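Encoded as structure tokens, the structure appears first; notes follow it.
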Amino acid sequence: MVKLSYRRGLLVSDSYAPGLRYDERIGGYVGLPYKYYEVLNYIRESGLTVDDRVLDPIPLQALRAPRIRLRDYQERALEAWKRAGMRGVVVLPTGAGKTLVALAAIQEVGAATIIVVPTIDLLHQWKSAIMRHLSVTPGILGGGESDVAGITVSTYDSAYSRAEELGNRFVLAIFDEVHHLPSPGYMEVAQVLASPYRLGLTATPEREDGRHVLLPDLVGPIVIRVSPAELRGKYLSDYDIKRVYVSLTDDEKSRYESLRARLREDLKRLGVTLRSLEDFHRLLSLAAKNPVARDAVEAWYESVRIAVNSRAKIDSLRKLLAEYSDRKVLIFTRDTEMAYRISREFLVPAVTYKTPKQERLKILELFRKGAYKVIVASSVFDEGVDVPDASVAIVVGGYGTPRQFIQRLGRVLRPAEGKRALLIELVTKGTSDSRLSMRRRSGAEV
DNA sequence: TTGACTCAACATCCTTTGCTACAA
DNA sequence: TTGTAGGTTTCCATGTTGAGTCA
């Protein structure tokens with residue numbers, strides 16, 4: 001008989017299993033609680049019996065709401081997750097109803113569940129979805145609330161600070177926007193939870209730092225992946241993606257070229273070549289001590305700024321806004337400077353991280369009602385914010401990540417009668433901006 | 001309760017017209 | 001005219017958020 005228990009953020013066993021190590025002080029084998037499922041399976045497969053005292057789930061009132069009706073692809077997602085032992089990541093595009101799949105998973109498991117989300121906005125969205133579809137009031141951890149219940153929604157930060165105390169209280173753990181989970185800090189949330197059943201939700205699992213390779217260990221493998229292209233025209237609005245190429249002005253061009261020459265010269269002096277992201281990281285760490293490296297980084301940063309925020313994009317934007325004056329338009333920029341420049345030039349409201357919360361809500365509300373036809377935003381609307389529907393997205397500037405591109409596209413894909421959405425990318429020819437554009441689209445599959 | 005503030009954590013951050021070649 | 005194809009480590013800047021503190 002093997003004894004298995006949970007003690008202050010640790011899984012404790014009186015006999016060995018993979019993932020556990022011997023601890024002198026405890027006088028037994030210990031490991032991170034997320035190994036519970038594996039350890040339990042290992043012991044059972046070894047033919048031993050287990051005195052399992054790990055989980056102490058919070059009681060959950062019977063879920064009386066009728067079973068959630070799912071669309072065909074949502075049903076496939078749920079089935080794939082169940083087949084994988086109720087562990088894994090479901091990849092669905094923004095607006096395809098990931099939440100419903102998760103709520104159906106809660107009904108399936110029928111036991112204490114924690115849902116972890118990255119923003120307070122999502123905290124509230126989940127709360128209302130749970131009340132609407134499951135007729136249960138969930139506990140809330142985060143945004144000033146601290147209330148634990150059979151179904152609890154928490155921010156990553158609050159879950160992190162209370163993980164030890166809550167580690168063995170939930171049977172199912174759902175991680176919304178699960179691509180955040182592999183970050184060094186948030187990862188500990190997944191590791192301290194003993195929850196044997198796990199569901200990750202995202203539209204874009206891949207991370208620039210490559211840490212998404214940790215997801216199978218923390219949550220489970222990707223069990224289904226549906227791209228926006230598969231749902232267009234039926235469950236998501238049909239769409240077109242266009243590119244509009246612009247050129248630098250003579251003035252910008254000479255500044256851009258002199259900055260690039262400065263960068264090349266600095267790199268030559270340093271004996272550094274930039275062939276990979278690692279090379280660039282090396283340059284960044286060098287810049288902390290070395291003035292030539294610092295100058296190289298400055299020249300690089302400034303040249304990118306010129307390319308991404310070129311004057312011709314403003315002119316091009318003017319034409320596009322006139323052409324689509326009868327439609328709701330979301331403009332996305334790379335930085336706050338360009339967002340405010342566009343806001344001044346076209347007299348449209350701008351939203352950035354500097355916009356006070358109340359003002360942001362007001363702008364979104366007026367956009368929803370149609371009083372505002374155009375909003376310009378930096379990257380604040382990329383994720384975790386309930387942005388009212390628009391039918392045209394104009395990407396003035398952005399990162400080179402497929403994730404941001406997919407998320408921005410997702411902002412115009414909410415289906416409506418007779419709607420055909422449009423995403424227009426403004427790209428400055430012959431500069432690092434075209435490389436960024438290439439990179440973000442190459443991985444996006446849209 | 002609110003708002004203003006600070007702090008910590010997270011995310012992004014790469015190649016340059018060359019030299020090839022070929023498909024859409 | 002545009003797109004294609006690969007190797008693996010700790011922070012120059014800026015942008016963004018949640019939590020905590022204090023008035």
Side-chain angles (χ1 to χ4, degrees), chain A residues 116-123 141-146 154-162 177 179-189 204 207-211 213 243 245 256-257 259-261 263-264 266-267 272-305 307-308 333-339 351-360 377-385 397-404 407 427 429-443:
Chain A
V116 192
V117 304
T119 64
I120 289 171
D121 225 73
L122 283 169
L123 206 64
L141 282 179
E145 292 179 67
S146 181
S154 171
T155 59
Y156 277 92
D157 291 81
S158 292
Y160 177 80
S161 52
R162 298 193 50 183
E177 308 288 4
H179 49 270
H180 289 291
L181 193 66
S183 307
Y186 292 163
M187 196 170 99
E188 289 179 34
V189 176
T204 50
R207 296 167 56 98
E208 290 300 295
D209 60 9
R211 289 177 69 99
V213 298
R243 245 152 289 144
Y245 290 93
Y256 179 82
E257 276 167 6
L259 286 163
R260 295 310 273 200
L263 172 61
R264 275 195 299 275
D266 286 339
L267 292 176
V272 170
T273 46
L274 295 182
R275 256 167 301 146
S276 64
L277 189 58
E278 290 68 50
D279 291 338
F280 190 70
H281 281 152
R282 234 165 278 137
L283 177 67
L284 291 180
S285 56
L286 207 58
K289 305 154 260 188
N290 184 321
V292 179
R294 180 180 288 268
D295 186 74
V297 173
E298 265 174 35
W300 164 77
Y301 186 82
E302 184 61 15
S303 72
V304 171
R305 209 177 59 81
V308 173
T333 67
R334 180 181 162 109
D335 51 37
T336 56
E337 181 204 325
M338 190 61 160
V351 181
T352 72
Y353 72 98
K354 293 174 185 163
T355 312
K357 206 177 159 189
Q358 288 307 316
E359 192 182 329
R360 183 193 292 199
S378 44
S379 40
V380 280
F381 290 165
D382 289 354
E383 182 188 305
V385 183
Y399 303 132
T401 62
R403 175 186 304 160
Q404 190 186 49
Q407 281 165 338
V427 183
K429 273 190 292 195
T431 67
S432 43
D433 194 37
S434 21
R435 191 170 289 274
L436 285 172
S437 156
M438 241 171 74
R439 256 182 50 208
R440 64 177 157 249
R441 275 178 294 116
S442 65

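Numbers restart at 1 for each chain; the letters A, B, ... are given by sequence-line order, proteins then strands. Just so you know, these numbers use all the heavy atoms, side chains as well, and skip hydrogens, waters and symmetry mates. From a predicted model like this one, the values you see are computed outputs, not experimental measurements.
- Checking dT1(B) for Watson-Crick or G-U wobble geometry (two distances, each under 3.5 Å) identifies no partner in any strand.
- Separating the P atom of dG7(C) from that of dT17(B) is a span of 24 Å, rounded to the nearest Å.
- In terms of position along DNA chain C, the nucleotide closest to Gly210(A) lies nearer the 5' end than the nucleotide closest to the other residue of the pair Gly210(A) and Arg294(A).
- Arg162(A) comes within 4.0 angstrom of no nucleic acid atom, judged by non-hydrogen atoms across all strands.
- Taking atom P in both dC14(B) and dG15(C), the straight-line distance is 16 Å, to the nearest Å.
- Counting any heavy atom pair closer than 4.0 Å across all strands shown, Tyr156(A) reaches no nucleic acid atom.
- Applying the Watson-Crick and G-U wobble criteria (two distances, each under 3.5 Å), dC7(B) pairs with dG18(C).
- Syn is the glycosidic conformation of dT15(B), whose angle stays within 90° of 0.
- In terms of position on DNA chain C, the residue among Phe280(A) and Gly143(A) whose nearest nucleotide sits closer to the 5' end is Phe280(A).
- Counting any heavy atom pair closer than 4.0 Å across all strands shown, Asp279(A) reaches no nucleic acid atom.
- Between the CD atom of Glu337(A) and the C1' atom of dA13(C) there is a distance of 13 Å, rounded to whole Å.
- Syn is the classification of dA13(C), since its glycosidic angle stays within 90° of 0.
- A salt bridge is absent between Arg403(A) and Glu177(A): the closest approach of a Lys/Arg side-chain nitrogen to an acidic carboxylate oxygen does not fall below 4.0 angstrom.
- Residues Arg334(A) and Leu436(A) form a side-chain contact, since some pair of their non-hydrogen atoms from C-beta on lies under 4.5 Å apart.
- Gly142(A) comes within 4.0 angstrom of the backbone, heavy atoms only, and of no base.
- Taking atom CG of Leu284(A) as the reference point, atom P of dT15(B) lies 12 Å away to the nearest angstrom.
- For Ala288(A), the side-chain atoms get nearest to dC12(C) when compared with the rest of dC12(C), dA19(C), dA11(B).
- Using a 4.0 Å cut-off between charged side-chain N and carboxylate O, Glu257(A) and Arg260(A) make no salt bridge.
- Nucleotide dT2(C) is matched to dA23(B) when pairs are restricted to Watson-Crick or G-U wobble geometry with both distances under 3.5 angstrom.
- Other residues, nucleotides and ligands contribute more than 12 heavy atoms inside 6.0 Å of the CZ atom of Phe280(A).
- Across the interface with DNA chain B, nearest-nucleotide mapping of Trp300(A) and Asp433(A) shows Trp300(A) to be the residue nearer the 5′ end.
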